[in-house]
There are 2 protein chains.
Amino acid sequence: MVEYITQTLDAVFHALSDPTRRAMLHRLSTSERTVSELATPFNMSLAGASKHIKVLEAAGLVRRHVQGRTHICALQAARLAEAQEWLRYYEQFWEERLDDLENILRAEDRALAEKARHGDRKDPKTKMDSKE
Amino acid sequence: MVEYITQTLDAVFHALSDPTRRAMLHRLSTSERTVSELATPFNMSLAGASKHIKVLEAAGLVRRHVQGRTHICALQAARLAEAQEWLRYYEQFWEERLDDLENILRAEDRALAEKARHGDRKDPKTKMDSKE
DNA sequence: ACTATATTAAACCTTATGGTTGAATATATC
DNA sequence: GATATATTCAACCATAAGGTTTAATATAGT
């Protein structure tokens with residue numbers, strides 16, 4: 001059904017596998033930044049940071065436009081959407097587990113209710129929300 | 001707010017950056033498989049495939065239980081959920097763009113309506129759904 | 001023209017990655 | 001006990017990745 005360009009996913013997931021690059025993306029999410037601005041927070045040479053930016057660019061996660069001598073980088077989120085789409089297929093497997101948990105809790109509730117009906121009532125366990 | 005264990009994300013995204021490993025996960029999504037079953041479809045030595053499985057295991061994406069001499073692997077989706085959660089933050093940036101597109105289309109509609117009101121009416125563009 | 005700034009390029013180093021082959025280990029089966 | 005099966009381990013190889021440093025390039029400011 002859905003067709004994934006594997007080289008794109010390779011590049012995107014690889015780009016995301018490095019904490020420096022993820023941090024760069026996060027900073028780009030608040031505003032565009034020049035290469036030096038992006039490099040500043042990291043304990044790394046400019047050339048090193050520049051390489052990371054190029055990896056992000058190659059994966060299509062960052063677009064740059066050159067303005068005089070400065071290169072301005074901007075987040076380009078479309079490829080992240082593709083990655084998320086790939087992941088979406090697997091949602092059923094973690095949702096399934098949550099469903100299982102929910103079913104267990106419901107079964108416990110029923111058991112308690114049954115017990116209560118037969119006289120022996122006591123503090124019914126409060127159901128807790130799995131979302132924190 | 002949400003705190004991400006960067007080493008976990010490093011490992012998960014790295015694991016996902018290889019097409020063989022993504023294919024393995026996909027096969028595990030239909031059922032559990034032994035190491036050799038997992039290795040079969042790939043043009044690669046068993047030892048090679050075994051290494052990939054270990055990468056998946058180290059990233060927490062696969063769990064194995066040994067039964068006699070065979071090792072049975074199963075998908076473990078929780079870490080994928082974490083990766084998706086990390087990506088979810090960026091949804092606003094692709095949704096934003098879709099919103100922009102929608103606003104442009106709406107503006108065009110208004111312009112056409114205005115034109116029509118001033119006599120000059122012609123085929124109004126049908127609005128298209130941005131999904132699909 | 002000269003100098004300072006922004007960025008990349010090139011060469012290099014170390015470690016990781018993806019792969020191989022051949023031997024080792026553990027469990028089944030005859 | 002001997003043999004076949006399932007899997008890993010260890011050693012090795014080539015290339016990629018993440019980093020550095022020292023030029024080189026391009027544009028700005030004086």
Side-chain angles (χ1 to χ4, degrees), chain A residues 6-28 31-76 79 83, chain B residues 6-28 31-75 79:
Chain A
T6 83
Q7 285 132 305
T8 298
L9 287 176
D10 292 359
V12 169
F13 283 130
H14 170 247
L16 296 182
S17 73
D18 183 277
T20 300
R21 290 192 290 262
R22 287 199 305 276
M24 284 177 163
L25 286 180
H26 194 263
R27 297 192 69 230
L28 286 176
S31 82
E32 304 192 339
R33 318 256 178 182
T34 68
V35 168
S36 354
E37 282 168 357
L38 269 181
T40 302
F42 305 104
N43 187 28
M44 183 185 302
S45 68
L46 228 196
S50 173
K51 277 192 185 180
H52 280 300
I53 294 168
K54 241 173 273 187
V55 171
L56 290 167
E57 221 181 344
L61 299 177
V62 159
R63 170 179 45 84
R64 93 169 64 194
H65 72 277
V66 179
Q67 197 159 82
R69 63 185 161 174
T70 74
H71 296 204
I72 296 165
C73 301
L75 179 64
Q76 197 159 38
R79 292 282 168 84
Chain B
T6 84
Q7 284 132 304
T8 298
L9 287 176
D10 291 359
V12 168
F13 283 129
H14 170 248
L16 296 182
S17 74
D18 183 277
T20 300
R21 290 192 291 260
R22 287 199 305 276
M24 284 177 163
L25 286 180
H26 193 263
R27 297 193 68 230
L28 286 176
S31 82
E32 303 192 339
R33 319 255 177 181
T34 69
V35 168
S36 355
E37 282 168 357
L38 269 181
T40 301
F42 304 103
N43 186 27
M44 182 185 301
S45 66
L46 229 195
S50 172
K51 276 191 185 181
H52 279 300
I53 294 169
K54 241 174 273 191
V55 172
L56 290 167
E57 220 181 345
L61 299 176
V62 159
R63 169 180 42 87
R64 96 169 63 193
H65 71 276
V66 179
Q67 198 159 80
R69 61 184 163 177
T70 74
H71 296 203
I72 296 165
C73 301
L75 179 64
R79 292 281 168 85

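These numbers were taken from a predicted model, which means no experiment stands behind them. Residue numbers begin at 1 in each chain, while the letters A, B, ... track the order of the sequences.
For A:Ile53 and D:dG18, the CD1 to C1' distance is 14 Å, given to the nearest whole Å. If you take CZ of A:Phe13 and C1' of D:dA16, they are 20 Å apart, rounded to a whole angstrom. Here the P atom of nucleotide C:dT17 and the NE2 atom of A:His14 are 9 Å apart, to the nearest Å. One can place CZ of B:Phe42 at 14 Å from C1' of C:dG18, the figure rounded to the nearest angstrom. Rounded to an integer number of Å, the gap from CG of B:Asp18 to C1' of D:dA16 is 13 Å. Atom pair A:Arg33:CZ and C:dA6:P shows a separation of 16 Å (rounding to whole Å applied). The interatomic distance linking B:Asp10 (CG) with C:dT17 (P) rounds to 10 Å, in whole Å.
Comparing A:Leu46 and A:Gln67 by the nucleotide of DNA chain D that holds the closest heavy atom to each, the one mapping nearer the 5' end is A:Leu46. Where A:Ile72 and A:Lys51 each meet DNA chain C at their nearest nucleotide, the meeting point lying more 5' is that of A:Ile72. Comparing A:Asn43 and B:Lys54 by the nucleotide of DNA chain D whose heavy atom lies nearest to each, the residue mapping closer to the 5' end is B:Lys54.
Contact record, A:Asp10 with B:Asp18: OD1-C, 4.4 Å, taken as the closest heavy-atom pair. Shortest non-hydrogen contact noted between B:Leu38 and B:Cys73 is CD1-CB, 4.0 Å. Annotation for B:Glu32 and B:Ala74: closest pair OE2-CB, 3.6 Å, computed over non-hydrogen atoms.
As judged by a 4.0 angstrom heavy-atom cut-off over every strand, B:Thr20 is placed among residues making no nucleic acid contact. As judged by a 4.0 angstrom heavy-atom cut-off over every strand, A:Gly48 is placed among the base-contacting residues.
Of the side-chain N and O atoms in A:His71, one or more sit less than 4.0 angstrom from OP1 or OP2 of C:dT8. Dashed line: the shortest gap from a side-chain N or O of B:Ser45 to OP1 or OP2 of C:dG19 is not under 4.0 Å. Between B:Ser50 and the phosphate of D:dT8, there is a side-chain N or O to OP1/OP2 separation shorter than 4.0 Å.
Candidate nucleotides C:dT27, D:dT21, C:dT5 were compared by shortest atom distance to the side chain of A:Arg69, and C:dT5 ranks first. Minimum atom distance to the side chain of A:Met44 is reached by D:dG19, of the listed C:dG18, D:dG19, D:dT8.
Distance alone, capped at 3.5 Å, is enough to place a donor-acceptor pair between the A:Arg21 side chain and the A:Ala15 backbone.
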Can A:Arg22 and B:Phe13 be said to form a side-chain contact (heavy atoms from CB on, under 4.5 Å), step by step? CA-CA 11 Å; A:Arg22 287 199 305 276; B:Phe13 283 129; 4.1 Å; yes
